[in-house]
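Presented below is the structure to which this report refers.
Heavy-atom basis, side chains included; hydrogens, waters and symmetry copies ignored. A note on names: the letters A, B, ... follow the listed sequences, proteins ahead of strands, and every chain is numbered from 1.
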Amino acid sequence: MTRVVVDVVMKPEILDPQGQAILGALGRLGIEGVNSVRQGKHFELDVDDNLDDETLTRLADTLLANPVIEDFTIRR
Amino acid sequence: MTRVVVDVVMKPEILDPQGQAILGALGRLGIEGVNSVRQGKHFELDVDDNLDDETLTRLADTLLANPVIEDFTIRR
Amino acid sequence: MAIRVGVVTFPGSLDDRDALRAIRIAGAEPVPLWHGEKWLSDVAAVVLPGGFSYGDYLRAGAIARFSPAMESIIDGARQGMPVLGICNGFQVLCEAHLLPGALIRNDHRKFVCRDQRLRIENADTLWTSGYQQGQEIVIPLKNGEGGYVADENTLNELESEGRVVARYLQDNPNGSYRDIAGISNAEGNVVGLMPHPEHAVEDLTGPAGHGTDGLPFFTSILQKLVGI
Amino acid sequence: MANYNVDTVKDAKKNPKLEQPYAELGLADNEYARIREILGRRPTSSELAMYSVMWSEHCSYKSSKVHLRQFGDKVPAQAKDVLLVGMGENAGVVDVGEGYAVTFKIESHNHPSFVEPHQGAATGVGGIVRDILTMGARPVAVMDSLRFGPANAADTARVLPGVVAGVGGYGNCLGLPNIGGEVVFDPTYLGNPLVNALCVGVLKKDEIKLAKAEGPGSKVVLFGARTGGDGIGGASVLASATFEAEGERKRPAVQVGDPFAEKVLIECCLEIFAADLVTGIQDLGAAGLSCATTELAAAGTGGMSVDLDRAPLRDETLVPEEILMSESQERMMAVVTPENLGAFMDVCKKWDVTATVIGEVNNSGRLTMRWHGDKIVDVPPRTLAHEGPVYQRPISRPYDQDALNGEHGNGLPRPNTGEKLRATALRLMASPNLADKSWITDQYDRYVLGNTVLAQPEDSGMIRVSENSNLGLALATDGNGRYTRLDPYTGAQLALAEAYRNVATTGAKPLAVTNCLNFGSPEDPAVMWQFSEAVRGLADGCQQLGIPVTGGNVSFYNQTGTSPILPTPVIGVLGLIADVHQRTPIAFNHDGDHLFLLGD
Ligand SMILES: Nc1ncnc2c1ncn2[C@@H]1O[C@H](COP(=O)(O)OP(=O)(O)O)[C@@H](O)[C@H]1O
């Protein structure tokens, strides 16, 4: 069994209200030195060793991410 | 400026409805070989180079994750 | 003089006006409070309303917890001030660690709005004394992140100490552990509730046949405060 | 950015022969010629961007205008008294008595909801809510009228959950109860779903706000979200191309909404209105800054100067043309006198809303814009906002209309035994169009604001105008594409009559009408016939019933390939009830009540 991680983030040109809200809260927490925050999704999959890259990509592309507004990266 | 990544996942004993739903959908997509899926959050922060680890941990521990239900990892 | 009960408006609060109305109908003086103000205007009790706070993109209530108003409310609650958190307010109370556990995405992953049957499991808290122990009521439920979760120890402790205030009957609408709809702190002055009693205070607009089932949440507190 | 060459007015004069991509922007040869004639030179590329979006079908109503006039012309005399603001403004306003006024409107967001169902539907709700807000009203309820392909089609499984989550999610974040709507499944909508959203708002009669820039010296303030690259070109793309023709070279027409920002914007605006701090206000919807600046200027003193580089950006690489066309959500533009500016900014600060002075009103009769000091726009604003092209499109009755109408159901088998009747009844009840809709409506909040008197599954939604009054509003939307295909004139009237009845059955008196006209391409004479007949039917119907059309929206180019959707006028009727306690709910409430059937 292999652990695969897929991270999904909004495309850079798309509005990311999440990140803005977090940045605003940092000030109230008294934390300085953080200049930007983007929030995305993080998936941890346990897959059979022989699951091929193509299938993984299809999985990410159709189910985990919405390619219209999001990009994803896959790490084995 | 440094890029820091914080990944937040639900503690194993807490129900993860999103992960469950994705697992269920895989069958319908005809994808086999995925045994478990857990969904968490992924944060990408741009921080000043001199931001120390302690502050980062406090940020993750008090804001980005809720330690009652979630675990986090920090990668510089 | 009427008892003053405050309702905090966060950026994104939705049911703040409803909570103010419920307080007025119950016979108290509703006092709007602003999240950015530490000063709580001499209120005797506080309601944290439903809706959203600061967008809730991170986790419901996660950011509201750090607001100036919450700093004072956390202090007040620790000294015995009655605080009721409804829906998002419940989430804020958990994030602020005034209540144990957390609220997560509904198990069916959809927002749900329905008239929900509940059983009042503890009629001894400051907010539920107007009910009979075991009384069944119907009030609106509407949430996307209403699943109450906590570890086994916490759940056992809550149950053994009688701190489960209300439980879902019939269908569990969101996957809450042990059908928990509301809990209290050990002292009973802080209560968090996922369904919305403030939407069941008038026959005209509340659930059909149960229009005022939620009103005792707001009258209970008055009886206690006047009684002191 | 640094090496981007901005096309200035000076350049346009110096280099008059420059080839311009007007056709790609959806402008016809004669339209481009007319722009040159108006300006006495070629347009700068920023001006071209503005004309292209403002003269698009979506913004200019160039194909529908000649027909829609009937709504105004046929307004029944008795209705004129209740009409405080008629068609043409962001939304119509009617007098409901006790010092209150009500504004309501329905609008489509069909194409974006096909491309990205969740965000498309969400921003559709966001847009109509801002229209209502712009009139000075507090938005108090929403409704949604939806059309999808067959319930069991694969693409419906993609589109429907997203649309429902988008409508519900956005309305939920704004704290607006959803008090009704429709869901219809039909193969015609498979490649072209319809998402029509309605919003209703309440205001004091003497507090109506209008979109006009008056008083030289007044400041033009852009406030709300920052401008980003979303939906650039969307305004003209969505209305001038078919879904399939959407090419790679066009920017994606996807706008992502931030309902939380809109909720804050609503509260901020309402506080600004209450303190009477604006002389004019406009929301930024399709055609964004182009639309807001030209409409405000055209309706007021007539002149405005804008420093476009002052607009706060989310994406610093945007060029002026893109800023002018951006459809970023959750933005508003206000005209504020210098005396009120400080107080205005304070309210924005309280709500953490970004607000920037980007220009000033003047009486030059021109709208001018500068980009880092260089003049890039110099136009008569009325030519963009009100004097766009108007077409009398060719009309012809569909060749198959007679054949279609000749078909009758007499030859169809009828259930002739109890058994068969039972099976038919069960099949009907289980059909997606008739089945219980709570699987959708349970995903919408109907309680918030605490004034909802009737909602799903009632015939119309009903809300109390204010907790200090017993006055109530009832609202219903209806539409039937199949009837309208068979006879557009009567089909539109049937939809009107159904919504009218749905309002009346709750005990309310129908008062005003809004409509969203979803049709195929106006360049298809058969579609244009359907459209003209439907409009004529609706206008005549309203005249006969004695209620005015106060506003609405036209959505053309709803087609898959060259096949148009069934013509689908969706009609919303607003009614008034003096005492909400007198409402008639749908349920039989008392044992022994008598049942009557009225009508033939
Ligand atoms: N998309 C929707 N949004 C909100 N309410 C809806 C929607 N679709 C249907 N409803 C509501 O569900 C109820 C039943 O709808 P429907 O079956 O279309 O009723 P009818 O045929 O009597 O008009 C009505 O109250 C209607 O307003």
Q) Between Leu14(C) and Asn172(D), what is the shortest heavy-atom contact and its length? A) CD1-O, 2.7 Å
Q. How close do Phe260(D) and Tyr54(C) get, heavy atom to heavy atom, and via which atoms?
A. CZ-CA, 3.2 Å
Q) When only pairs under 4.5 Å are counted, which of Asp352(D), Asp445(D), Val264(D) shares the most heavy-atom pairs with chain C? A) Asp445(D)
Q: Against chain C, work out which of Arg583(D), Glu267(D), Lys350(D), His581(D) has the most heavy-atom pairs shorter than 4.5 Å and name it.
A: Lys350(D)
Is the closest side-chain heavy-atom distance between [X] and [Y] below 4.5 Å?
X: Tyr447(D); Y: Asp115(C); value: yes
X: Lys142(C); Y: Val448(D); value: yes
X: Thr452(D); Y: His199(C); value: no

Q.
Using heavy-atom distances under 4.5 Å, tell me whether Arg24(C) contacts chain D through its side chain, its backbone, both, or neither.
A. side chain
Q: Against chain D, label Glu198(C) side chain, backbone, both or neither, depending on which of its atoms sit under 4.5 Å from a heavy atom there.
A: neither
Q: Please state whether the side chain, the backbone, both or neither of Arg464(D) comes within less than 4.5 Å of a heavy atom of chain C.
A: side chain
Q. Where on Pro161(D) is there a heavy atom nearer than 4.5 Å to chain C: the side chain, the backbone, both, or neither?
A. neither
Q) Say you draw a straight line from CG of Leu449(D) to CZ of Arg21(C); how long is it, rounded to the nearest 0.5 Å? A) 8.0 Å
**Q.** Approximate separation, where rounding is to 0.5 Å, of Glu467(D) CD and Thr205(C) OG1
**A.** 9.5 Å
